[in-house]
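The structure appears below as structure tokens.
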Number of protein chains: 2
Amino acid sequence: MNIGQASATSGVSAKMLRYYESIGLIPKAVRTEVGYRVYTENDVQTLRFIRRARDLGLSIERIKLLVGLWHDRGRSSADVKRVAADHVAELEAKILELTAMRDTLQELADACHGDHRPECPILRDLAGGGAKSRRAPASRKAARASVPAEHC
Amino acid sequence: MNIGQASATSGVSAKMLRYYESIGLIPKAVRTEVGYRVYTENDVQTLRFIRRARDLGLSIERIKLLVGLWHDRGRSSADVKRVAADHVAELEAKILELTAMRDTLQELADACHGDHRPECPILRDLAGGGAKSRRAPASRKAARASVPAEHC
DNA sequence: CGTGGTGCTTCCCACCGTGGGAGGGTCAAG
DNA sequence: CTTGACCCTCCCACGGTGGGAAGCACCACG
């Protein structure tokens with residue numbers, strides 16, 4: 001199977017196939033005499049595994065671990081579960097971060113008239129005036145004394 | 001004020017200050033005779049604006065828009081609100097995506113014994129066996145015939 | 001047998017922000 | 001004058017992915 005076939009049947013682009021090989025996520029493919037990469041049905045299985053793992057947002061590094069465990073008959077499921085749990089924790093953290101951003105921005109947008117007038121709570125907050133309702137970034141220098149009011 | 005001072009009081013790293021200047025997010029700073037960048041209190045205000053916008057996850061491109069609107073006394077708040085709403089929509093989409101990933105992975109992890117034995121639903125699913133409970137990626141080639149079982 | 005189109009190769013560039021660091025000039029305090 | 005803290009520019013890295021150019025390989029059709 002050439003790289004095009006492998007790509008089409010695995011859902012991993014040829015570009016990514018070469019990239020994964022270059023970073024050692026998959027072993028170097030066997031080559032034909034003229035240098036074409038050759039893949040087996042088995043390789044495609046691994047690629048599909050990788051593809052699904054990527055779809056779940058796992059980093060290449062963690063996928064490396066999982067592929068290793070997958071190929072290791074003596075693995076313990078605890079090891080696999082740990083990798084998954086780590087990723088869940090990371091996703092969770094990211095979700096919380098984005099949610100805080102969204103909530104803050106949504107509140108500001110809700111407070112904005114959205115009409116032809118220039119007055120806008122969103123800009124006021126970003127300019128430092130709305131120190132009361134900001135909570136997203138948690139830690140930030142509280143010192144926000146007097147705004148020179150050159151803008152706004 | 002030198003770049004170090006501006007950085008310290010605005011919360012934007014010196015590195016980023018130079019970068020923002022290079023991409024045109026902020027105007028080119030005035031220089032001393034020996035080439036040091038010089039900032040005013042007013043520049044720092046803008047930098048804090050940018051910093052807070054970044055904390056809310058806004059892209060540089062959108063921040064450019066907002067800074068422009070901020071400096072424009074004739075703006076309409078509707079324009080500002082639109083930029084904010086666009087970003088909220090983007091955040092929302094990302095949150096949904098990550099949440100779907102997390103939920104799927106969490107379910108798989110919950111089904112995993114996490115003991116010394118090799119049998120593991122997480123790997124089974126990634127290998128293509130668990131076609132029943134996958135829902136995250138929505139569109140994927142359903143054709144997942146027989147797994148050669150070379151692994152697992 | 002030629003030729004065109006498709007496929008494969010490698011290599012470089014781009015994205016988006018951010019950090020690190022090398023190599024060199026400046027400034028102020030001791 | 002020396003030393004340490006700054007500042008300058010320029011390059012590289014990250015994570016993954018896509019785009020594209022230049023140059024062979026292969027296949028099918030005429």
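- Partners of B:D72 according to the side chain to side chain contact (heavy atoms under 4.5 Å, CB included) rule, which considers only residues two or more places apart in sequence or in another chain, are B:R75.
- Between B:D115 and A:S77, the side chains place a donor N or O and an acceptor N or O closer than 3.5 Å (distance only, hydrogens not considered).
- The overall bend of the helix from C:dC1-D:dG30 to C:dG30-D:dC1, read as the angle between its terminal helix axes built from five base pairs each, is 30° when rounded to 10 degrees.
- When the side-chain nitrogen and oxygen atoms of A:R18 are compared with OP1 and OP2 of D:dT17, none of them lie within a distance under 4.0 Å.
- Applying the side-chain hydrogen bond (donor to acceptor under 3.5 Å, both in side chains) test to B:D43 and every residue at least two apart in sequence or in another chain returns B:T40.
- Contacts between residues 20-35 of chain B and DNA chain C, defined by a heavy-atom separation under 4.0 Å, are made by B:Y20, B:V34.
- Between the NZ atom of A:K64 and the C1' atom of D:dG15 there is a distance of 12 Å, rounded to whole Å.
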Decide side-chain contact (heavy atoms from CB on, under 4.5 Å) for A:R102 and A:T99; before the verdict, give the C-alpha distance in whole Å, the side-chain angles of both, and the deciding distance to 0.1 Å. CA-CA 5 Å; A:R102 183 203 54 188; A:T99 304; 3.4 Å; yes
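- Residue pairs meeting the side chain to side chain donor-acceptor pair (under 3.5 Å) criterion with at least one member in residues 82-91 of chain A, sequence neighbours excluded, are A:R62-A:E90, A:D79-A:R82.
- Among residues at least two apart or in separate chains, ring-ring contact (aromatic ring centres under 6.0 Å, His included) pairs with a member in residues 30-59 of chain B are B:F49-B:W70.
- With sequence neighbours left out, A:N2 forms a side-chain hydrogen bond (donor to acceptor under 3.5 Å, both in side chains) with no residue at all.
- Evaluation of the side-chain hydrogen bond (donor to acceptor under 3.5 Å, both in side chains) rule for A:Q106 yields A:D110 as partners, not counting sequence neighbours.
- Judged by distance alone, with hydrogens and angles left aside, the side-chain atoms of B:S7 form a donor-acceptor pair with the main-chain N or O of B:V12 at under 3.5 Å.
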Set out, line by line, the N/O atom pairs under 3.5 Å between protein and nucleotides 19-22 of chain D.
residue	atom	partner	partner atom	Å
D:dG19	N7	A:K15	NZ	2.9
D:dG19	O6	A:K15	NZ	2.8
D:dG20	N7	A:K15	NZ	3.4
D:dG20	O6	A:K15	NZ	2.4

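- Within a 6.0 Å sphere centred on NZ of B:K64, heavy atoms belonging to other residues, nucleotides or ligands number more than 12.
- At a threshold of 4.0 Å, the pair B:R73-A:E119 does not count as salt-bridged, since none of the basic side-chain nitrogens sits closer than that to a carboxylate oxygen.
- A:V38 shares a hydrophobic cluster with no other residue; no ILVMFWY side chain has heavy atoms under 4.5 Å from its own.
- Residue pairs meeting the side chain to side chain donor-acceptor pair (under 3.5 Å) criterion with at least one partner in residues 14-30 of chain B, sequence neighbours excluded, are B:E21-B:R37.
- First and last contacts of DNA chain C with chain B, using any nucleotide atom under 4.0 Å from a protein heavy atom and ordered 5' to 3', fall at C:dG17 to C:dC27.
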